[in-house]
Amino acid sequence: MTRVFIIGGAGQIGRRLSRILSNNGHDVRALCRKPDQETLLRQQGAEPVRGSLTELDEDALAAYLTGSEVVVFTAGAGGKGGQEMTNAVDGEGLKTAVAAALKARVSRFLLVSAFPEAARGQSVSDTFENYMRVKKMADVALAQSALDWVILRPGTLRDEPGTGLVHAGLAIPYGDVPRDDVAATLAEIIEQPGVSRIIIELTAGEVPVREAVQKMAGR
């Protein structure tokens with residue numbers, strides 16, 4: 001059993017991940033902001049922890065993380081609230097989480113980031129350009145830390161059922177990927193501690209999730 005704390009647990013990937021991990025016998029706690037989110041998380045087998053990433057400081061978040069073995073950061077403003085909210089959640093929120101994990105002595109930290117080629121060649125808003133900039137700087141902040149980190153960069157997220165087949169690599173062509181398969185990949189990374197200090201790009205593919213993750217160990 002691994003004790004996992006999910007930041008962004010009430011989100012679509014977070015809920016899926018909670019269900020997979022709890023079904024596999026892991027102890028899951030998930031940060032959420034609203035009472036109705038607590039019910040959703042309990043239904044997925046996670047223990048909800050009330051708190052807002054934009055309001056918790058390093059010490060308060062570290063207190064929540066204490067006793068966990070893995071932190072998964074899948075929080076994101078999702079374009080809501082404009083650039084200010086993206087900066088607060090995806091940017092400063094990640095930095096606070098990294099500092100809190102270090103203070104709580106949680107060595108392993110998984111971050112759901114963004115595929116670099118997302119929406120390239122298209123007309124995009126200033127908000128989206130800022131989102132991509134903030135995501136990259138969050139990657140930098142985590143990669144420069146002393147944590148045992150993994151950064152997962154999924155392609156365009158889709159809601160259709162997952163296939164359990166993916167394409168994972170250090171640098172791969174851009175594509176789509178079901179949220180189900182992103183959550184399954186995160187769960188498999190947690191199961192495989194040899195996958196460490198690496199950035200993994202992920203799309204739909206033809207390789208079973210477990211095999212795809214195994215190939216990333218020791219890279």
Side-chain angles (χ1 to χ4, degrees), residues 6-21 24 44 70 72-80 83 86 89-91 94 108-143 149-192 194-219:
I6 304 175
I7 299 175
Q12 295 191 60
I13 291 175
R15 295 197 305 270
R16 288 168 166 84
L17 179 59
S18 291
R19 183 176 64 252
I20 295 170
L21 292 175
N24 288 344
Q44 306 306 319
V70 179
V72 179
F73 190 102
T74 183
K80 299 176 182 178
Q83 296 187 20
T86 296
V89 176
D90 301 76
L94 180 278
R108 201 153 189 239
F109 196 111
L110 277 56
L111 170 63
V112 179
S113 186
F115 208 107
E117 284 75 37
R120 297 303 91 180
Q122 302 178 26
S123 177
V124 297
S125 65
D126 290 343
T127 298
F128 184 81
E129 290 289 0
N130 179 69
Y131 167 80
M132 294 302 294
R133 179 188 64 80
V134 170
K135 282 295 191 184
K136 177 58 185 291
M137 294 312 298
D139 290 356
V140 171
L142 178 58
W149 54 266
V150 178
I151 296 170
L152 186 66
R153 292 176 172 171
T156 299
L157 299 171
R158 300 299 186 193
D159 286 329
E160 60 261 27
T163 65
L165 301 174
V166 296
H167 183 190
L170 302 178
I172 63 174
Y174 184 58
D176 299 343
V177 61
R179 286 180 170 87
D180 286 351
D181 290 332
V182 176
T185 301
L186 289 167
E188 191 59 42
I189 291 171
I190 291 171
E191 298 279 4
Q192 298 192 38
V195 180
S196 174
R197 300 185 71 83
I198 187 172
I199 297 174
I200 302 172
E201 296 183 351
L202 183 76
T203 65
E206 299 179 353
V207 179
V209 168
R210 177 165 297 178
E211 181 182 339
V213 173
Q214 286 174 341
K215 290 180 178 179
M216 304 310 297
R219 289 290 189 100

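The residues of the chain are indexed from 1 along the displayed sequence.
At a threshold of 4.5 Å between non-hydrogen side-chain atoms, the residues L110 and L152 do not count as touching. A heavy-atom distance below 4.5 Å is found between the side chains of V150 and R108. Counting heavy atoms from C-beta on, the side chains of D159 and R179 come closer than 4.5 Å. Contact annotation: the side chain of Y174 approaches that of T156 to within less than 4.5 Å [non-hydrogen atoms, C-beta and beyond]. At a threshold of 4.5 Å between non-hydrogen side-chain atoms, the residues V195 and V213 count as touching. T185 is not listed as a side-chain neighbour of I200, based on a closest heavy-atom distance of 4.5 Å or more.
Shortest non-hydrogen contact noted between L202 and A168 is CD1-CB, 4.0 Å. The nearest pair of heavy atoms linking V182 to P154 is CG2-CB, 3.8 Å. Nearest heavy-atom pair across I190 and V70 is CG1-CG1, 4.2 Å. I6 and S18 make their closest contact through CD1-OG, 3.4 Å (heavy atoms, listed as atom of the first residue, atom of the second, distance). Contact detail for M216 and A212: the closest heavy-atom pair is CG-O, 3.4 Å.
Here CG of D181 is found 9.0 Å from CD of E160. Values are rounded to the nearest 0.5 Å. To the nearest 0.5 Å, atoms CD (Q83) and CG (D90) are separated by 12.0 Å. For the atom pair CG of N24 and CD of E188, the computed distance is 9.0 Å after rounding to the nearest 0.5 Å. If you take CD1 on I13 and CG on D180, they are separated by 10.0 Å, rounding to the nearest 0.5 Å.
When each of K135, R153, K136 is paired with P116, the side chain to side chain contact (heavy atoms under 4.5 Å, CB included) condition holds for R153 and for no other.
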